[in-house]
Amino acid sequence: MRTKFVRGLAAFACSFFLLSCTENQVTQRDINSDVQNHHVIITYLTVGNKPGDSGTSIMLEKLNERLTKLVNAELEICYIPWNNYQTNYNLKLAENDGSIDLIGTATDWLDAWKNAGLGNFMPLSDEMVQTYAPKTWASVSKEHWDVCRLNGDIYFFPEDNFTQWTNHGFMYRLDWAKEAGLNGVHSWEDMTKYLDYAKNVKNVIPWDSDGSSSSFHAEGYIQSKSDYIIADGITSTSMFGVKKSNQKKFYSPFYEGKELVEYAKLMRQWSLNGYWLPGVLTDDAGNRSNRDEFCEGKTAIEQHHTQTWYTQVYNRLKTNVPGADSGFFWFGEESKNIVYQTITHGAMAVSAASKNPERALMVYDLLRNDEECYNLINYGVEGVQFKRNKDGYRESVLGSYGIVTNYWWGRNDNLEIRNTDTNWDVFDQINAIYSQYKIDYPFGQIVWDLSNVSSEIDAVNDVYGQYMGNICYGQNPNPEEYVAAFRRDLKQAGIEKIINELQKQLDSFYSKKR
């Protein structure tokens with residue numbers, strides 16, 4: 001074991017020397033001495049429920065053997081449960097007590113820029129990244145590093161070499177749509193006709209929603225009926241952005257325009273038509289899962305990512321319900337409005353209070369680039385938790401416990417092993433469609449400064465929370481008046497001040513690009 005460790009350490013040190021021309025031989029010796037003489041534990045924080053079985057522990061035992069051999073470190077995982085995750089995540093980061101080292105984050109759904117501004121993430125120099133994460137440094141382009149900078153320093157490692165489609169939409173039963181006389185569902189009007197048919201299918205609830213996905217299909221309607229582009233990193237409710245046809249003017253379609261009014265009227269119609277249960281916003285869903293029900297043929301639609309459809313749902317439905325088929329109505333399909341996600345939709349940061357930031361970077365570099373470490377953190381122990389079939393595709397080992405690492409912050413297409421659960425033909429088809437129409441997210445290099453409008457943003461979010469659930473599930477008998485009241489309260493909460501402040505920052509962004 002000792003011989004293997006020294007050999008591995010020497011190889012790792014050699015890669016540092018070759019890839020980091022900024023470091024001299026003395027510094028390399030210091031690095032090597034520190035690694036060899038100090039065994040450390042690196043704690044990785046992620047969002048998700050802590051697993052209750054032994055599968056993840058089995059994986060970590062193997063992973064830590066390799067990490068110890070290469071960089072004399074072990075990995076532990078700290079989980080932030082999904083319940084009230086945003087608040088608890090930010091509270092954990094704010095502790096800054098040195099109990100965590102690597103932090104999974106995102107600029108569009110996990111307040112990454114906010115936490116960088118609050119001093120919860122460590123600013124990293126180019127030299128530090130080159131020295132301690134050389135393979136990652138070499139694989140990320142200058143343009144992508146620039147998206148991760150604040151005041152010249154790097155704050156994140158982007159997940160920029162992993163193809164995924166996290167745009168939202170409705171999965172539906174393609175076989176039922178054809179029975180309803182539709183050539184698939186390609187508009188909100190098609191969806192209404194489809195749900196009208198589905199409500200008459202025996203033992204089927206058209207949409208057994210628990211009321212938690214309201215904001216996604218509200219913005220989805222707006223994206224479908226306009227060319228709205230959401231600006232990330234302001235609020236988790238996607239209330240602000242620009243139009244694709246006018247990317248220099250900031251606005252909120254929740255505050256102005258006709259789309260929200262038309263959407264509210266349609267949701268009132270859906271409610272009256274009985275597409276969901278009457279207590280959708282108040283009843284405890286308990287152990288009910290609309291996704292499970294969709295895969296069992298008991299409900300007609302499921303709302304989530306494109307990726308969820310082709311990786312988790314498509315094959316499962318076909319297996320469970322003979323003769324069933326599914327399609328995906330993506331939000332924006334009608335207007336061909338799709339924006340490829342920011343490369344910091346998943347990103348890794350280093351805690352500002354980490355006691356071992358250099359070793360944390362070494363560990364991250366291995367998780368992202370070393371094939372054995374990558375397979376372990378993403379899939380588990382080969383032969384125990386996953387195996388490869390004759391075509392090289394990955395499948396679970398029957399009877400084994402899986403792993404829960406929620407490692408969404410450094411996946412790498414160069415090392416991915418395609419699995420048998422995903423329908424790759426469907427992936428290739430939808431990827432080809434999206435590639436025709438997609439645009440890159442235009443504001444990846446803007447760090448919105450919310451300090452002057454933080455109280456207004458809190459107030460606007462409160463108003464959103466008071467109204468939007470009722471709008472999305474048609475709970476008010478007069479939707480037009482209800483939207484008007486919503487907008488009056490948004491104005492009183494200070495939404496115009498927010499828009500004006502962010503317009504100034506957008507103007508500054510474009511003036512610097514000239």
Side-chain angles (χ1 to χ4, degrees), residues 43-69 74-83 104 162 164 171 208 285-299 302 304-305 307-326 366-368 370-413 415-427:
T43 301
Y44 148 59
L45 181 141
T46 192
V47 179
N49 298 332
K50 185 176 181 178
D53 54 57
S54 61
T56 305
S57 298
I58 292 169
M59 179 279 296
L60 282 173
E61 185 176 347
K62 289 291 186 183
L63 176 62
N64 286 331
E65 285 180 10
R66 183 154 181 81
L67 292 177
T68 296
K69 183 175 84 168
E74 295 180 42
L75 188 74
E76 290 186 351
I77 305 177
C78 174
Y79 298 87
I80 300 295
W82 283 116
N83 184 38
F162 179 69
Q164 62 176 330
M171 305 164 220
D208 194 12
N287 293 322
R288 291 198 337 262
S289 163
N290 187 78
R291 186 171 304 162
D292 289 345
E293 292 173 343
F294 181 80
C295 293
E296 294 163 3
K298 299 176 182 177
T299 189
E302 164 67 356
H304 210 255
H305 301 156
Q307 181 159 330
T308 303
W309 172 54
Y310 61 69
T311 63
Q312 299 180 33
V313 171
Y314 189 93
N315 285 349
R316 186 177 164 199
L317 172 67
K318 276 184 166 291
T319 300
N320 290 345
V321 184
D325 195 6
S326 62
L366 288 168
L367 296 179
R368 179 176 176 132
D370 178 79
E371 184 174 6
E372 186 174 338
C373 291
Y374 188 89
N375 289 348
L376 285 164
I377 194 71
N378 283 286
Y379 313 132
V381 181
E382 186 164 5
V384 176
Q385 291 160 318
F386 80 95
K387 61 183 179 180
R388 308 186 202 217
N389 66 14
K390 60 182 177 60
D391 299 316
Y393 282 66
R394 173 173 51 86
E395 55 187 30
S396 299
V397 173
L398 188 65
S400 67
Y401 290 118
I403 64 168
V404 179
T405 62
N406 295 350
Y407 183 74
W408 305 314
W409 337 98
R411 289 168 292 183
N412 185 346
D413 277 341
L415 297 176
E416 281 287 302
I417 307 172
R418 285 190 163 189
N419 64 20
T420 54
D421 293 333
T422 296
N423 190 298
W424 294 103
D425 290 337
V426 169
F427 165 78

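For the single chain, residues carry numbers from 1 onward in sequence order. Reckoned from all heavy atoms, side chains included, excluding hydrogens, waters and symmetry mates.
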Assess whether side chain to side chain donor-acceptor pair (under 3.5 Å) is satisfied between N290 and E302, documenting all intermediate values. CA-CA 7 Å; N290 187 78; E302 164 67 356; 2.6 Å; yes
Roughly how far apart are W82 CH2 and N49 CG, rounded to 0.5 Å? 8.5 Å
What I'd like to find out is whether the side chain of T308 reaches to under 4.5 Å of the side chain of M171, using heavy atoms alone. yes
Where do L367 and Y374 come nearest, in terms of heavy atoms and distance? O-CD1, 3.2 Å
Mind listing the closest non-hydrogen atom pair of G297 and V321 along with its distance? N-CG2, 3.8 Å
Min side-chain heavy-atom separation L317-F294 under 4.5 Å: yes
I need the minimum non-hydrogen distance between I417 and F386, along with the two atoms involved. CD1-CE1, 4.2 Å
Pairwise distance OG1(T68) to CD(E74) - rounded to 0.5 angstrom: 5.0 Å
Measure the shortest side-chain to side-chain distance between F162 and W408 over non-hydrogen atoms and say whether it is less than 4.5 angstrom. no
Report yes if some heavy atom in the side chain of Q312 is under 4.5 Å from a heavy atom in the side chain of R291; otherwise report no. yes
T422 meets the side chain to side chain donor-acceptor pair (under 3.5 Å) criterion, sequence neighbours left out, with N419
Does a side-chain heavy-atom distance below 4.5 Å link I403 with Y379? no
State the CG-CD1 distance between N406 and I80, to the nearest 0.5 angstrom. 11.5 Å
Tell me, do L376 and V381 make a side-chain contact under 4.5 Å, heavy atoms counted? yes
Measure across T405 and I377 and return the closest heavy-atom pair with its distance rounded to 0.1 Å. OG1-O, 2.7 Å
CD/E371: more than 12 non-hydrogen atoms of other groups inside 6.0 Å: no
For residues 388-401, the side-chain hydrogen bond (donor to acceptor under 3.5 Å, both in side chains) pairs (sequence neighbours left out) are E382-R388
Q385 and V397, any side-chain heavy atoms less than 4.5 Å apart: no
Given the rule in the side-chain contact (heavy atoms from CB on, under 4.5 Å) test, do F427 and R418 qualify, once you have shown the distances and angles that lead to the verdict? CA-CA 11 Å; F427 165 78; R418 285 190 163 189; 3.8 Å; yes
Would you give the length of the straight line joining atom OG1 of T319 to atom CG of D421, rounded to the nearest 0.5 angstrom? 9.0 Å
Shortest non-hydrogen contact from N64 to L75? OD1-N, 2.6 Å
Which residue pairs satisfy the salt bridge (charged side-chain N to carboxylate O under 4.0 Å, His left out) criterion with at least one member in residues 403-413, sequence neighbours excluded? E159-R411
Value for OG (S57) from CD1 (I77), rounded to nearest 0.5 Å, stands at 9.0 Å
By side chain to side chain donor-acceptor pair (under 3.5 Å), N315 pairs with (sequence neighbours left out) N423
Testing the basics here: between V404 and Y79, what is the closest heavy-atom pair and its distance to 0.1 Å? O-OH, 2.6 Å
Count the heavy atoms belonging to other residues, nucleotides or ligands that lie under 6.0 Å from NZ of K318, then report whether that count exceeds 12. yes
Output for pair (K69 NZ, E372 CD), nearest 0.5 Å, gives 6.5 Å
With sequence neighbours left out, write down each residue that passes side chain to side chain donor-acceptor pair (under 3.5 Å) with N375, or none if nothing qualifies. none
Can you list every salt bridge (charged side-chain N to carboxylate O under 4.0 Å, His left out) pair that touches residues 46-59, not counting sequence neighbours? none
